[in-house]
Structures are given as C-alpha cells and as structure tokens.
Participant: 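Would you mind keeping the following structure in view while I ask a few things?
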Amino acid sequence: MTVITSVLHPDLPSFVSFGEALTDLIRTGPDTWRSVCGGAPWNVAAAMSRLGELSAFAGGISNDVFGQELWQASTDANLDPRFIQQFAKSPLLAVVYETEPPQYFFIGDDSADLHFQPDGLPSGWRRALRWAHFGGISLVREPLARRLLELAEKLKSQGKHISFDPNYRSLMDSSYDETLERMCRIADVIKVSDEDLCGLFRSPDYHTGLAQISAWNPLATVMLTRGAEGASLFHARGDFHAQPPAVAVVDTVGAGDASMAGLLYSLMHHAEAAPEQHLRWAVAAGAAACTAAGAAPPSLTQLEQLAPQVKVWAA
C-alpha cells in the first residue's frame, strides 16, 4: 500500500467521504470509449471541497493509469491526499455500454478499493472530523463493506455526524438489506431518490421504502430527490417540498451527489437555519450541477445565486 503524504493544506479535514472512487468507461460509439473519474462518495467529497470545505475522500485506488487519473483529479479538486491509499491492485471500473437508458456492469475483483484500511489514515483525523459520509457500492463490496460499516458505527458512537446515500445499483440485492438498515439507523442525514427506494426495497411504490426508513430512524433528516419534479425534506421541524429553478440542463450526471453536498454544507455552516433553507441549498446545488457536462461540482457563488430561485413550501 502507498499512502500519499504530500499535504495540500495543513489542517485535517472536517468532512470525510468514505467509499469508492472508480473510473467510468462510457461507450460513445461502436468502437469508441471515454474514461471519466467518478464514484458517488468521491463526487460528494469533490463537491464539498468546491464549496470551500476542508474535505477528503478516504478510499483505495490503483497505482496504474486509472488510479493515477483519479489521484490527479483528487489533487485538482483540492482533496486532502493523506486519506487516499494506493495499491498495486487492479482498478475498479464501471463499464457503461448504453447511456439511454443506462446499462452498465462493474469490473473489480480483488481491486484496489477493497484493500482500503481505516487504520492507515493520518493521526488525529477523528478529532478534526465533524461529518463522515458513506454510501455507494462500497457498502456492498466485501471485505470493504464490513470495515466501513464498523467504522461508521464507531464514529457515530464517538459523537460524529453521519450522512448516508445508498445510491442504488444493481449489486444491491437482498444481501444488502441488513447493511441498509444498520446505516439508516445511525445516519443523521439520509439522501435517497425515488428510483433508489424502488430498487432498494424492491417495490414499485417509493413510499414503501420511505416509510420503512422513517420507522428505522424517525429522528433522521431525510431528503428525497425526484429529478425534475424537485425534492422533499423530512425534518424534525416539518416536511417541505421544493421545485428546482429553471436552468439550461446540459446533463444530470452527478446532480444527486451535488445536492447531497449542498445539503451537508448548509447543515454544517448554518445549523440553526430553517429546514426550508437547507432544502433550498440542496436543490440549488443539484440544479447547478446540471448546467455543465459530467459530474461538475457547483461553486458557492452558483448556490448563492440559485438558492433564492428555489420555490419551497410546507407539506
């Protein structure tokens, strides 16, 4: 294992996103492909950094050409490099052979992400941590999933805030049910889409999954995203719905991860703000991400401009 020791900034991050960073291999023609750095937890870490938060992605990447591209992209995103572990193992790849509708599969047997070790993180990182984020396929890929679940529960017991975005993928069958429940029970913030809920709970009605999450953890703040139809926030101070602002949509890649970052940034920096304000920031971040190609994290300026345009009302 190689742990990157160069330092982009002297302070340990207050926000750390745990899970997978991967390479999307996207088919663009009969014989052409393009590679894109991604992975939902990595996207959230990059989006938090773009908003100005001291942020890190904690996970394992390969040391080949794919891993080096992820390392460079992490450097460009100002993510703390001390949390990235490189291994002489194969890369984790998502092969997207159809985009409309998305058709994909993963390649990652004994790949670098599975070898991530929390014990290898820099000294003192837990003391600096305020929020830890978990999600993506990392929580269904053993032996990594077990390590991350135990870490999340340990951090919760130490008084850290936990956010969770399951980000449903086809790997998440009934064997994922226990992990899903355990993560929902400890999370302070849970973000799901209507499609996530239908897939995770194997039900055509997303309300079934929403009710189950509420039963598991009635104190959690839950954000439900529904694409162009907007988003809802279920909060201890009330339930609210939001309509996104009108923007010129380039694509929707990474919009959900950006909305997660917008919500967390608002909660971290404006904890006493009304729930409506937190929802505005989340929806504004998702809308801003749609105005550029790929998983382009929005800036703080974009959020400040778009948030007032988000229409929010009580349920």
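For this chain, numbers begin at 1 and follow the sequence in order. Because the structure is predicted, anything quoted here is derived from the model rather than measured.
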Participant: Can you see which heavy atom on Ile190 is nearest to which on Ala220, and at what distance?
Facilitator: CD1-CB, 4.0 Å
Participant: Side-chain contact, heavy-atom cut-off 4.5 Å: Asp196 with Thr225?
Facilitator: no
Participant: Which atom names give the shortest non-hydrogen contact between Arg82 and Asp11, and what distance separates them?
Facilitator: NH2-O, 3.3 Å
Participant: To the nearest 0.5 angstrom, please state how far the CG atom of Leu93 sits from the CZ atom of Phe66.
Facilitator: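 Leu93 atom CG to Phe66 atom CZ measures 5.5 Å (nearest 0.5 Å).
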Participant: Can you tell me how far apart CG (Leu149) and CD1 (Ile186) are? Round to the nearest 0.5 Å.
Facilitator: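 Between Leu149 CG and Ile186 CD1, I get 6.5 Å after rounding to 0.5 Å.
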Participant: Restricting to salt bridge (charged side-chain N to carboxylate O under 4.0 Å, His left out), what partner residues turn up for Asp109, sequence neighbours left out?
Facilitator: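 With neighbours one apart ignored, the set is empty.
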Participant: Linking I/L/V/M/F/W/Y whenever their side-chain heavy atoms sit closer than 4.5 Å, directly or via other members, would Leu151 and Phe15 fall into one cluster?
Facilitator: no
Participant: Pair up each side-chain donor or acceptor in residues 119-135 with any protein partner under 3.5 Å, not counting sequence neighbours, and list the distances.
Facilitator:
unit_1, atom_1, unit_2, atom_2, d
Arg126, NH1, Gln158, OE1, 3.3
Arg130, NH2, Met268, O, 2.9
His133, ND1, Ser163, OG, 2.8

Participant: Between Asn217 (side chain only) and Cys184 (backbone N and O only), is there a donor and an acceptor less than 3.5 Å apart?
Facilitator: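 A pair under 3.5 Å: yes.
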Participant: So, for Glu69 and Ser35, which heavy atoms are closest and what is the spacing to 0.1 Å?
Facilitator: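 Where Glu69 meets Ser35 most closely, the heavy atoms are OE1-OG, 3.7 Å.
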Participant: Roughly how far, to the nearest 0.5 Å, is OG1 of Thr75 from CG of Leu70?
Facilitator: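 Result: 10.5 Å between the selected atoms.
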Participant: Enumerate donor-acceptor pairs with a distance under 3.5 Å from any side-chain N or O in residues 230-237 to protein atoms, sequence neighbours excluded.
Facilitator:
unit_1, atom_1, unit_2, atom_2, d
Ser232, OG, His241, ND1, 2.5
His235, ND1, Arg237, N, 2.9
Arg237, NH1, Ala273, O, 3.4

Participant: Tyr168: which residues meet the ring pair (Phe, Tyr, Trp, His ring centres under 6.0 Å) condition with it, sequence neighbours left out?
Facilitator: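 Partners of Tyr168 by the ring pair (Phe, Tyr, Trp, His ring centres under 6.0 Å) criterion come out as none, since no residue qualifies.
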Participant: Cluster question for you: counting only ILVMFWY and a side-chain heavy-atom cut-off of under 4.5 Å, with indirect links fine, are Leu180 and Met223 together?
Facilitator: no
Participant: Check whether any side-chain heavy atom of Leu200 lies under 4.5 Å from a side-chain heavy atom of Tyr176, and answer yes or no.
Facilitator: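 Yes, side chains in contact.
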Participant: What pairs with Gln305 under side-chain hydrogen bond (donor to acceptor under 3.5 Å, both in side chains), at least two apart in sequence or on another chain?
Facilitator: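 Once residues adjacent in sequence are excluded, Gln305 has no partner under the side-chain hydrogen bond (donor to acceptor under 3.5 Å, both in side chains) criterion.
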Participant: Just how far is it from atom CG of Asp257 to atom CH2 of Trp42, taken to the nearest 0.5 Å?
Facilitator: 10.5 Å
Participant: Going by salt bridge (charged side-chain N to carboxylate O under 4.0 Å, His left out), name the pairs with one or both residues in residues 156-174, residues two or more places apart or in two chains.
Facilitator: Lys156-Asp188, Asp165-Lys191
Participant: Assess the residue pair His115 and Gln85 against the criterion (side-chain contact (heavy atoms from CB on, under 4.5 Å)); give the C-alpha distance rounded to whole Å, side-chain angles, the decisive distance to 0.1 Å, and a yes or no.
Facilitator: CA-CA 9 Å; His115 292 264; Gln85 300 173 359; over 6 Å; no
Participant: Using distance only, find each side-chain donor-acceptor pair of residues 24-31 under 3.5 Å and give its atom names and separation, not counting sequence neighbours.
Facilitator:
unit_1, atom_1, unit_2, atom_2, d
Arg27, NE, Gly29, O, 3.2
Arg27, NH2, Pro30, O, 3.1
Thr28, OG1, Thr32, O, 3.2
Thr28, OG1, Thr32, OG1, 2.8

Participant: Counting neighbours of CD on Glu195 that are heavy atoms of other residues, nucleotides or ligands and sit closer than 6.0 Å, is the number greater than 12?
Facilitator: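 Result for CD/Glu195: open.
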Participant: Is there a side-chain contact between Ser55 and Asn78 in this structure, where contact means two heavy atoms from C-beta onward sitting under 4.5 Å apart?
Facilitator: no
Participant: Give, for atom OG1 of Thr208 and atom CD1 of Ile213, the distance between the pair rounded to the nearest 0.5 Å.
Facilitator: 11.5 Å
Participant: Report the C-alpha distance between His161 and Val189 in whole Å, list the side-chain angles of each, state the deciding distance to 0.1 Å, and finish with yes or no for side-chain contact (heavy atoms from CB on, under 4.5 Å).
Facilitator: CA-CA 8 Å; His161 294 291; Val189 173; over 6 Å; no
Participant: Nearest heavy-atom pair of Gly262 and Ala285: which atoms, and what distance?
Facilitator: CA-CB, 3.9 Å
Participant: Is a side-chain N or O of Gln86 found less than 3.5 angstrom from the main chain of Ser62, in a donor-acceptor match?
Facilitator: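 Side chain of Gln86 to backbone of Ser62, a donor-acceptor pair under 3.5 Å: yes, one is there.
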Participant: Treat each ILVMFWY residue as a node, draw an edge where side-chain heavy atoms are under 4.5 Å apart, and state whether Leu155 and Leu144 are in one component.
Facilitator: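 Leu155 and Leu144: one cluster.
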Participant: Given Val222 and Leu210, is the side-chain contact (heavy atoms from CB on, under 4.5 Å) satisfied, shown in steps?
Facilitator: CA-CA 9 Å; Val222 179; Leu210 199 61; 4.1 Å; yes
Participant: Looking at side-chain heavy atoms only, is the closest gap between Ser299 and Arg50 below 4.5 Å?
Facilitator: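 Touching, per the 4.5 Å side-chain cut-off.
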Participant: According to side chain to side chain donor-acceptor pair (under 3.5 Å), does anything in residues 271-290 pair up with another residue at least two apart or in another chain? List the pairs.
Facilitator: Ser266-His278
Participant: Does any donor atom in the side chain of Gln212 or Glu181 lie under 3.5 Å from an acceptor atom in the other side chain?
Facilitator: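 Distance-only check fails for Gln212 and Glu181.
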Participant: Are the side chains of Ser111 and Ser90 in contact, using a 4.5 Å heavy-atom criterion?
Facilitator: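 SC-SC contact between Ser90 and Ser111 confirmed.
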Participant: Working to the nearest 0.5 angstrom, can you tell me the gap between Tyr104 OH and Tyr97 OH?
Facilitator: 9.5 Å
Participant: Listed by chain and number, what are the side-chain contact (heavy atoms from CB on, under 4.5 Å) partners of Pro41, not counting sequence neighbours?
Facilitator: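 For Pro41, the residues satisfying side-chain contact (heavy atoms from CB on, under 4.5 Å) (neighbours in sequence not counted) are Ser17, Glu20, Phe57.
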Participant: Does any part of the side chain of Phe83, heavy atoms only, come nearer than 4.5 Å to the side chain of Phe18, both counted from C-beta?
Facilitator: no
Participant: Could you check if a side-chain atom of Leu197 sits within less than 4.5 angstrom of a side-chain atom of Asp194, using non-hydrogen atoms only?
Facilitator: no
Participant: What residue pairs, at least two apart or across chains, pass salt bridge (charged side-chain N to carboxylate O under 4.0 Å, His left out) with a residue in residues 135-151?
Facilitator: Asp113-Arg141, Glu142-Arg146
Participant: Would a hydrophobic clustering, with Ile, Leu, Val, Met, Phe, Trp and Tyr connected at side-chain separations under 4.5 Å, put Leu303 with Leu264?
Facilitator: yes
Participant: Any non-hydrogen side-chain atom of Pro91 less than 4.5 Å from a side-chain atom of Asp64?
Facilitator: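 With C-beta onward as the side chain, the pair touches.
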Participant: For Leu224 and Ser193, work out which heavy atoms get closest and say how close.
Facilitator: CD1-C, 3.7 Å
Participant: Report the C-alpha distance between Leu148 and Phe116 in whole Å, list the side-chain angles of each, state the deciding distance to 0.1 Å, and finish with yes or no for side-chain contact (heavy atoms from CB on, under 4.5 Å).
Facilitator: CA-CA 9 Å; Leu148 292 182; Phe116 172 73; 4.2 Å; yes
Participant: For residues Trp33 and Ile107: do they belong to one hydrophobic cluster (side chain heavy atoms under 4.5 Å, members Ile, Leu, Val, Met, Phe, Trp, Tyr)?
Facilitator: yes
Participant: Does any pair with a residue in residues 189-214 pass ring pair (Phe, Tyr, Trp, His ring centres under 6.0 Å), and if so which ones, sequence neighbours excluded?
Facilitator: Phe201-Trp216
Participant: Mind listing the closest non-hydrogen atom pair of Leu92 and Gly108 along with its distance?
Facilitator: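 Scanning both residues, the minimum pair turns out to be CD1-CA, 4.0 Å.
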Participant: For Asp177, enumerate each residue passing the salt bridge (charged side-chain N to carboxylate O under 4.0 Å, His left out) test, keeping only those at least two apart in sequence or located in another chain.
Facilitator: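 Asp177: salt bridge (charged side-chain N to carboxylate O under 4.0 Å, His left out) contacts with Arg202.
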Participant: Between Glu53 and Tyr265 (side chain of the first, backbone of the second, donor and acceptor by atom type, cut-off under 3.5 Å), is there such a pair?
Facilitator: no
